[in-house]
Amino acid sequence: MVPGTPEGFLQFDRVQKSYDQTTLVVRDFNLDVAKGEFVTLLGPSGSGKSTVLMMLAGFESLTSGDIRLQGTSIARTAPYKRDIGMVFQNYALFPHMTIAENLAYPLKLRKRPASEIKAKVQEYLDLVELGDFGTRTPAQLSGGQRQRVALARALIFAPRLVLMDEPLGALDKKLREQMQLEITRLHKQLGFTVIYVTHDQTEALTMSNRIAVFNAGIVQQCDAPDVLYETPRNGFVADFIGENNFLPGEVVGLTDTVAEVRISSGDVVRARRADADRVGMRCQISVRPEKLFLMPSDHAFDTKFTARFTNRLYVGDFIRYFFRLPDGTELVVKVLNDLAAPEYADDQEVTLIAATKDCSAFAPHKAVHEDGT
Ligand code: ADP
Ligand code: MG
């Protein structure tokens, strides 16, 4: 855990949820969150992320298990008594109120004195850089500005915990990136604890202290962004986070940490042993496009195999090279577009190299679709 108390600030203890008494949409969910931590629940649509937030907010009951905030169970506490700020995509601003009235609302609800409300509203308008917009209505703001007001409204009563469920989903790419920076800045400045939900892995990687990757109601791995990216625990995580090549093969040797895998070119690839657990099993090697190199310029690279060149795609700062293995597997290598970027003839045999630590051997998994489903 990053900053905070040793026993954990927020704890999910074997939480499960079923809406229909038969299927569990959240299974055996355990998570300890430290005070001030930014934890993201990431996963495909329908994997149970929002259900976890709804249980935490108090809008859905738990089927079993417990949720504790600062050591006290909140599983039966009414939502408004949980002291939680929320930014949900469909949790809109009040359209008939001005921006200032929207911000004042959570403070009025908590019966704060008028003088304090006035000062706080101006402070939080300034905080999200909307100091002169207090008298406008939501309809008179842009999408990004409205989202900043929603953020200020969730933070203004200094909640101990802030929940955000796909808060930037409706914004275009540029605004979304601005708001990501904005939320990260406020989190650093004010030090609140965040549980953030998204299906966008770039958003999760750039904003979070830790990410819990969900699939079908089960956490596949919960780690810091760099740990998830560099050492995925299984094929689902390797596929869902970032871009990856998957090379089918057969395990021909195993040590505690390394799997030796024969791929269709006949080469034996040495890979970090993830969940591949048996000599003779069919498996997959994953290796990221930027971790594969085209020329054996460094003998420290201990994994080497040949593939045939099929295509070269110019993307500006990078060039993407495409190769094919004898079994038809396509793979991509990402190379910086500099003077050393090579030219190949069609079907030319090229040696590719990678470090063992950057290859992972997995039991086969079902592919994740482009749209995250
Ligand atoms: P995510 O937020 O990851 O997209 P959800 O938590 O919304 O996933 O949904 C998880 C599963 O629970 C899905 O199969 C969804 O259809 C189901 N579900 C969500 N809300 C309800 C509900 N109120 N009643 C019945 N089923 C629901
Ligand atoms: Mg959802």
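Along the sequence shown, the residues carry numbers beginning at 1. Here the structure is a predicted model, which is why all the values come from computation and not from measurement. Read the numbers this way: they start at 1 and go in the same order the structure lists the ligands and their atoms.
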In terms of atom number and element, which parts of ligand 1 are under 4.0 angstrom from non-hydrogen atoms of Pro44? 3 (O)

How far is atom 7 (O) of ligand 1 from its nearest protein heavy atom, and which residue and atom is that? Ser50 CB, 3.7 Å

Which atoms of ligand 1 are found less than 4.0 Å from any heavy atom of Ser47? 1 (P), 3 (O), 8 (O)

Nearest heavy atom to atom 18 (N) of ligand 1: which of Phe59, Phe214, Tyr19 does it belong to? Tyr19

Student check: side-chain heavy atoms of Leu56 and Leu163 closer than 4.5 Å: yes

Geometric class of the Phe192/His187 ring pair [parallel <30°, tilted 30-60°, perpendicular >60°]: perpendicular

For ligand 1, the portion of Thr51 having any non-hydrogen atom under 4.0 Å away: both

Do you see an N/O/S atom of Thr51, backbone or side chain, under 2.8 Å from the Mg ion (ligand 2)? no

Do the side chain of Asp32 and the main chain of Gln11 share a donor and acceptor less than 3.5 angstrom apart? no

Return the closest protein heavy atom for atom 3 (O) of ligand 1 as residue, atom name and distance. Lys49 NZ, 2.8 Å

So, for atom 27 (C) of ligand 1, does the protein have a heavy atom nearer than 4.0 Å? yes

Are any of the side-chain heavy atoms of Val39 and Ile211 separated by less than 4.5 Å? no

Which option wins on minimum heavy-atom distance to atom 8 (O) of ligand 1: Ser45, Gly48, Ala216? Gly48

Taking the six-membered ring of Tyr19 as reference, does the NZ or CZ atom of Lys17 fall below 6.0 Å from its centre and within a 45° cone about the axis? yes

Distance from Phe133 atom CZ to Gln140 atom CD, nearest 0.5 Å? 10.5 Å

Report the member of Gly43, Gly46, Gly217 with the shortest heavy-atom distance to atom 4 (O) of ligand 1. Gly46

Give, for atom CG of Asn337 and atom OH of Tyr314, the distance between the pair rounded to the nearest 0.5 Å. 5.0 Å

Nearest protein heavy atom to atom 12 (O) of ligand 1, by residue and atom, and its distance? Val25 CG1, 3.4 Å

Between Glu250 and Arg262, does any side-chain N to carboxylate O distance fall below 4.0 Å? no

